[in-house]
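Contents: one structure, followed by commentary.
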Amino acid sequence: MKIVTYNINSVRIRLGQIKTIVEQLNPDIICLQETKVEDNLFPIGEIKSLGFEHIYISGQKSYNGVAILSKLPLFDVHSLDILQSDHKRHIGGRLANGVEIHNFYVPAGGDIPDRELNDKFDFKLRFYDEMSDWACEQKGKSLIMVGDFNVAPLPNDVWSHKQLLNIVSHTPIETDAMANLQKTLNWLDTARHFVPESEKLYSWWSYRNKDWEKSNRGRRLDHIWITPDLMPKLESFLIMRELRNSENPSDHVPVMVEIRD
DNA sequence: ATGGTGGAAGGTCCA
């Protein structure tokens, strides 16, 4: 079973990228973030025609929005409202084999890395605390948690550890919050299971760099974590870097893991 | 200290 996570930054203008993902990876499940569309305007028909019979959406106008596109049915699908914000930032459900999939879009947190000066940064940190509380309640389950977590945890998850230590997404208070979440169920960061921590690894490059590939100032913001019981089933991992060069790309690229059924 | 780009909405916010 192949699972992809992709911050698509508007599902309606990037159906072509979904088609490319299907052609090149043929995933069973695609988890999207930042769909940026209300549910009644979601392009259900187009995505069904790409082979995803089961589509689960939790969208809102203009901002946020998550979706799970699946060839397999999910059960007890639900959308958590973390911090009662009305932001659509989670959708999850359970596969027939009992494994649960949870798709999160963690708040970006604004520009100023100070929770006193910046409400969005405070919101992000509280969101992580809520996720940790939620994870503690899931003890004993087989879980796959994916999404845009908006934190690059390790020194080689950013282009310059030193230069990003005070930049939102890589500050110690954020990487600590993420580490706390990771400790809750001893989550495995699948990317670093396959790619050693000594290697640079990114899933996002800003739109604001003239030549993203030449400057290569990336960050690894998109993650696929699993509970340790699933570790023996891991088959492969891929970051679909080339999609950053597609026509009209998202600033994120898809991240994929393959797990034996 | 600032601006660089993009999406959606719609005379601006969020990333």
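Letters A, B, ... are given to chains in the order of the sequence lines, protein chains preceding strands, and every chain is numbered from 1. Worth saying up front: this structure is predicted, and the values here are computed from it rather than measured.
One finds no side-chain N or O of A/Arg208 lying less than 4.0 angstrom from the OP1 or OP2 phosphate oxygen of B/dT2. In this structure, A/Asn9 does not reach the B/dT5 phosphate: none of its side-chain N or O atoms is under 4.0 Å from OP1 or OP2.
Distance CG (A/Asp111) to P (B/dA1): 15 Å, rounded to an integer number of Å. Atom C1' of nucleotide B/dG7 and atom CG of A/Asn248 are separated by 9 Å, given to the nearest angstrom. If you take CH2 of A/Trp212 and C1' of B/dA15, they are 19 Å apart, rounded to a whole angstrom. Going from atom NE2 of A/His252 over to atom C1' of B/dC14 covers 12 Å, rounded to whole Å. As rounded to whole Å, 12 Å separates atom P of B/dG7 from atom CD1 of A/Ile8. In this structure, A/Asp148 places its CG atom 10 Å from P of B/dA15, rounding to the nearest Å.
Taking the six-membered ring where the residue is Trp, A/Phe194 and A/Phe237 present parallel rings, their angle staying beneath 30° rather than reaching 60°.
Salt bridge A/Lys124/A/Glu174: present, at least one basic N to carboxylate O contact under 4.0 Å. Ion pairing of A/Asp28 with A/Lys2 is absent here, as no side-chain N (NZ or NE/NH1/NH2) approaches a carboxylate O to less than 4.0 Å. A salt bridge links A/Lys141 with A/Glu100: at least one charged nitrogen is closer than 4.0 Å to a carboxylate oxygen. Salt bridge A/Arg192/A/Asp157: present, at least one basic N to carboxylate O contact under 4.0 Å.
Comparing B/dT12 with B/dA1, their P atoms sit 27 Å apart, to the nearest whole Å. Separating the C1' atom of B/dA9 from that of B/dC14 is a span of 12 Å, rounded to the nearest Å.
Nearest-nucleotide positions on DNA chain B for A/Ala108 and A/Leu41 put A/Leu41 closer to the 5' end. When the nearest nucleotides of DNA chain B are assigned to A/Pro249 and A/Asn7 by heavy-atom distance, the more 5′-ward of the two goes with A/Pro249.
Residue A/Arg244 is classed as having no contact, given no heavy-atom separation below 4.0 Å to the nucleic acid. Among the heavy atoms of the strands, none lies under 4.0 Å from A/Asn209. Counting non-hydrogen atoms under 4.0 angstrom, A/Arg14 reaches the backbone sugars and phosphates but no base.
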Pairs under 3.5 angstrom, nitrogen or oxygen only, protein versus nucleotides 10-13 of chain B, please.
{"from": "B/dC13", "atom 1": "O2", "to": "A/Tyr63", "atom 2": "OH", "distance (Å)": "3.4"}

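In this structure, the nucleotide among B/dA8, B/dG6, B/dA15 sitting nearest to the side chain of A/Ile13 is B/dA8.
Checking side-chain atoms of A/Ser203 against main-chain N and O of A/Leu221 turns up a donor-acceptor pair under 3.5 Å.
With hydrogens and angles ignored, no donor-acceptor pair under 3.5 angstrom links the side chain of A/Arg12 to the base of B/dA8.
Counting only heavy atoms from C-beta outward, the side chains of A/Lys233 and A/Ile226 never approach each other to under 4.5 Å.
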